[in-house]
Amino acid sequence: MARNSNQKPLDKIFDDFLSGPKIFKNREVMRATYIPEDLPHRETQITEIGRKLLPILEGGSTSNIFLYGKTGTGKTAVALYVLKKIVAKCSEIGVDIPLREVINCKDIDTDYRIFAQLAGAVGVDVPFTGWPTDKVFKIFKEKLDEKRQTIIIVLDEIDQLVKKSSMKGPQKVLYLLTRINSDLRNANVCIIGISNDLKFKEYLDPRVLSSLSEEELVFPPYQATELQDILRQRAEIGFHDGVIDSGTIEITAALAAREHGDARRAIDLLRVAGELAERESATKVTQNHVRRAQTLIEHDTISAALRTLPIHSKLVLYSIYLLEKDGNTEIYTGDVYTAYSQLCTEIKYDILTQRRVSDLINELDMLGIITAHVISKGRYGRTKKIRVSIPKTILTSILEEDTAIQKLKNYSLELKKEAS
DNA sequence: TGTCCACTGGAAGGGAGGGCTT
DNA sequence: AAGCCCTCCCTTCCAGTGGACA
């Protein structure tokens, strides 16, 4: 009988969903990963890249290409779009289709893993650990060179490789890949590097740099009107006719344009707004839905980031929170470390070194959960001034889900320095 | 003008945990 | 089983530093 009472409301939800107004025609279209038939306002970049890759149609070699622009300016989409078109053309005219491998360097961020993925692309299975890196590279190179073929390697978020290590490791990948062509007898390698951050070039080995940026292309941010065009095009295939209320597209574009013209963001925003409307069985996606989608997305990103933090990062963050709660307006690294040590002692965790905590603080800063910047207090040393930059209610509600943090719920920090 | 604080942040390396090879 | 290798998380060591203060 418990089963019955459980099933009924669910049945209702199912029925309401099936019989209610339909919002989405094709939800997948409203995801940033979807590559449409047309990419509005990127015609210049498309033709430019297409032109640079022309030799592939004759099985020849090409220069490497470097694409640069802020997030959501269509770099990856354009690259994938051009690849798709090239493949289509190659099969149409009967030329060997080039191999393509798209690597997101944010996830695949070590030399070993990149070579392992490339080896996979040419049909060699490499275990995810165990082999020497050199061996993986060698196998990839030999297998690739067995026949006359071209491989186009798209290195998305290539800046991540350079940031992680200064000179060795991942950077070595770039060095080896950019000069691999001179070792190959039959095959060709073409690299398309994509980056959000132009500054990363400063840290790049000059030999890699000159090879990578043989051809460089900048993607400017989209203007609000351009975002509107993109959204309209997607909405037409993604949503049912007439469900988008007047002004909805405009407000979505305006909100996304504020975030440096991020098309990905705009598309996500419209999709989530649509999902909200769908959940409420509304007949139209309104401006109100978009605004709520905006806060929902922000909320979700923060929550997800907080939940996945390792325990010591949570403890560091909680220390900062407790210090702020105690009315401290100026919080420095030293204070955080003292508070953090107290918390660790309280719940019997090993205390990490200050050096390590300093890195954790930097990570929290990069995630946008706190802001920390280096200041000098003159005679009283150099340190970081730190504060929490997300709503406290979200912070506590998520952190206190963790059993370790729960024990600290009513903990009050020992005052260790007189008011100054 | 020089000193000196409280760190910052780079470099190197250890060791645990995953795996492969012989 | 022994000898490698890779990655992640962490420690140890240390040179470097902006600016208030004597």
Side-chain angles (χ1 to χ4, degrees), chain A residues 103-120 124-143 159-177 199-200 202-205 305 308-317 319-320 323 328-345 347-367 370-387 402 404 416-418 420:
Chain A
I103 297 178
N104 189 322
C105 305
K106 202 173 175 184
D107 306 326
I108 299 172
D109 59 354
T110 65
D111 44 356
Y112 183 92
R113 287 211 273 258
I114 289 173
F115 289 143
Q117 175 150 348
L118 290 176
V124 190
D125 262 346
V126 174
F128 67 87
T129 174
W131 287 9
T133 309
D134 296 348
K135 178 177 167 183
V136 184
F137 177 63
K138 197 163 158 252
I139 282 183
F140 160 66
K141 199 166 77 179
E142 284 170 3
K143 182 77 184 173
D159 44 315
Q160 297 291 328
L161 291 185
V162 186
K163 269 177 208 154
K164 299 230 163 162
S165 87
S166 49
M167 192 40 219
K168 296 157 276 190
Q171 268 229 50
K172 206 168 99 192
V173 178
L174 298 180
Y175 181 67
L176 290 172
L177 284 181
K199 257 199 304 190
F200 98 102
E202 292 167 18
Y203 312 108
L204 216 50
D205 185 288
T308 51
L309 287 178
I311 182 61
H312 283 284
S313 298
K314 285 183 181 168
L315 287 167
V316 169
L317 181 57
S319 318
I320 303 169
L323 285 166
N328 295 287
T329 44
E330 315 257 284
I331 299 171
Y332 305 106
T333 305
D335 308 328
V336 175
Y337 190 66
T338 321
Y340 158 82
S341 307
Q342 282 180 31
L343 297 190
C344 284
T345 313
I347 56 170
K348 302 189 174 60
Y349 271 61
D350 287 343
I351 302 172
L352 301 180
T353 56
Q354 179 150 339
R355 178 69 187 83
R356 180 67 190 138
V357 168
S358 167
D359 278 343
L360 296 183
I361 290 174
N362 285 342
E363 282 164 25
L364 290 172
D365 185 20
M366 287 224 301
L367 287 170
I370 61 171
T371 49
H373 56 267
V374 180
I375 57 149
S376 173
K377 294 194 287 170
R379 194 167 169 78
Y380 303 103
R382 234 158 76 93
T383 180
K384 272 199 172 121
K385 199 172 169 182
I386 300 160
R387 62 188 173 77
D402 194 302
K416 68 298 174 189
K417 50 176 193 182
E418 62 283 8
S420 55

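All values reported here derive from a predicted model rather than from experimental measurement. Numbered from 1 within each chain, the chains take letters A, B, ... in sequence-line order.
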J.: By salt bridge (charged side-chain N to carboxylate O under 4.0 Å, His left out), which residues pair with A:Lys135, not counting sequence neighbours?
T.: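 If we apply the salt bridge (charged side-chain N to carboxylate O under 4.0 Å, His left out) test to A:Lys135, skipping adjacent residues, there are no hits.
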
J.: Which of residues 351-360 of chain A have a heavy atom under 4.0 Å from DNA chain B?
T.: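 Those residues are A:Gln354, A:Arg355, A:Ser358.
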
J.: What do the steps show when you test A:Ile320 against A:Val316 for side-chain contact (heavy atoms from CB on, under 4.5 Å), and what is the final call?
T.: CA-CA 6 Å; A:Ile320 303 169; A:Val316 169; 4.3 Å; yes

J.: Got A:Ile386 and A:Leu364 here, is their nearest side-chain heavy-atom distance under 4.5 Å?
T.: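 Sidechains of A:Leu364 and A:Ile386: no contact.
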
J.: Give me the first and last nucleotide of DNA chain C, going 5' to 3', that has any atom under 4.0 Å from a heavy atom of chain A.
T.: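 Reading along DNA chain C, I get C:dC5 to C:dC21.
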
J.: Is there a side-chain contact (heavy atoms from CB on, under 4.5 Å) between A:Lys384 and A:Tyr332 once you walk through the steps?
T.: CA-CA 5 Å; A:Lys384 272 199 172 121; A:Tyr332 305 106; over 6 Å; no

J.: Where along nucleotides 16-22 of chain B does protein come under 4.0 Å, by heavy atom, of base (B) or sugar-phosphate alone (S), with - for untouched nucleotides?
T.: --BBSS-

J.: Considering residues at least two apart in sequence or located in another chain, which fulfil the salt bridge (charged side-chain N to carboxylate O under 4.0 Å, His left out) criterion with A:Asp359?
T.: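 By the salt bridge (charged side-chain N to carboxylate O under 4.0 Å, His left out) rule, A:Asp359 matches A:Arg355.
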
J.: Taking only residues two or more places apart in sequence, or in another chain, which ones meet A:Lys377 in a side-chain hydrogen bond (donor to acceptor under 3.5 Å, both in side chains)?
T.: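 Counting only residues at least two positions away or on another chain, A:Lys377 forms no side-chain hydrogen bond (donor to acceptor under 3.5 Å, both in side chains).
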
J.: Working note: A:Thr333 + A:Gln354, criterion side-chain contact (heavy atoms from CB on, under 4.5 Å); need CA distance, chi angles, decisive distance, verdict.
T.: CA-CA 9 Å; A:Thr333 305; A:Gln354 179 150 339; 4.1 Å; yes

J.: Can you name the residues that form a side chain to side chain contact (heavy atoms under 4.5 Å, CB included) with A:Ser341, not counting sequence neighbours?
T.: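 Only A:Tyr337, A:Ile351 meet the side chain to side chain contact (heavy atoms under 4.5 Å, CB included) criterion with A:Ser341.
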
J.: Rounded to whole angstroms, how far apart are CD1 on A:Ile331 and P on B:dA6?
T.: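 Between P of B:dA6 and CD1 of A:Ile331: 18 Å.
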
J.: Among all residues two or more places apart in sequence or in another chain, which pass the side chain to side chain contact (heavy atoms under 4.5 Å, CB included) test with A:Leu176?
T.: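 Here the qualifying residues are A:Phe115, A:Phe137, A:Lys172.
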
J.: Roughly, in whole Å, what's the span from OH in A:Tyr332 to P in B:dT8?
T.: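 In whole Å, B:dT8 P lies 13 Å from A:Tyr332 OH.
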
J.: Considering only heavy atoms, which members of residues 375-385 of chain A lie under 4.0 Å from some atom of DNA chain B?
T.: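 The stretch gives A:Gly378, A:Arg379, A:Tyr380, A:Gly381, A:Arg382, A:Thr383, A:Lys384 as the residues lying under 4.0 Å from the strand, ordered by number.
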
J.: Using the salt bridge (charged side-chain N to carboxylate O under 4.0 Å, His left out) criterion, which residues pair with A:Glu142? Sequence neighbours excluded.
T.: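 By the salt bridge (charged side-chain N to carboxylate O under 4.0 Å, His left out) rule, A:Glu142 matches A:Lys138.
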
J.: Should A:Leu177 and A:Leu118 be marked as a side-chain contact (heavy atoms from CB on, under 4.5 Å) after you check the CA-CA gap, both sets of side-chain angles, and the distance that decides it?
T.: CA-CA 11 Å; A:Leu177 284 181; A:Leu118 290 176; 4.0 Å; yes

J.: In chain order, what residues pass the side chain to side chain contact (heavy atoms under 4.5 Å, CB included) check against A:Ser376, with sequence neighbours excluded?
T.: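 Per chain and number, A:Ser376 pairs via side chain to side chain contact (heavy atoms under 4.5 Å, CB included) with A:Arg382.
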
J.: Could you pick out which residue, A:His312 or A:Tyr112, lies toward the 5' side of DNA chain C when each is mapped onto its nearest nucleotide?
T.: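 Result: A:Tyr112.
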
J.: Who pairs with A:Ala305 by side chain to side chain contact (heavy atoms under 4.5 Å, CB included), at least two apart in sequence or on another chain?
T.: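 Counting only residues at least two positions away or on another chain, A:Ala305 forms a side chain to side chain contact (heavy atoms under 4.5 Å, CB included) with A:Ile369.
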
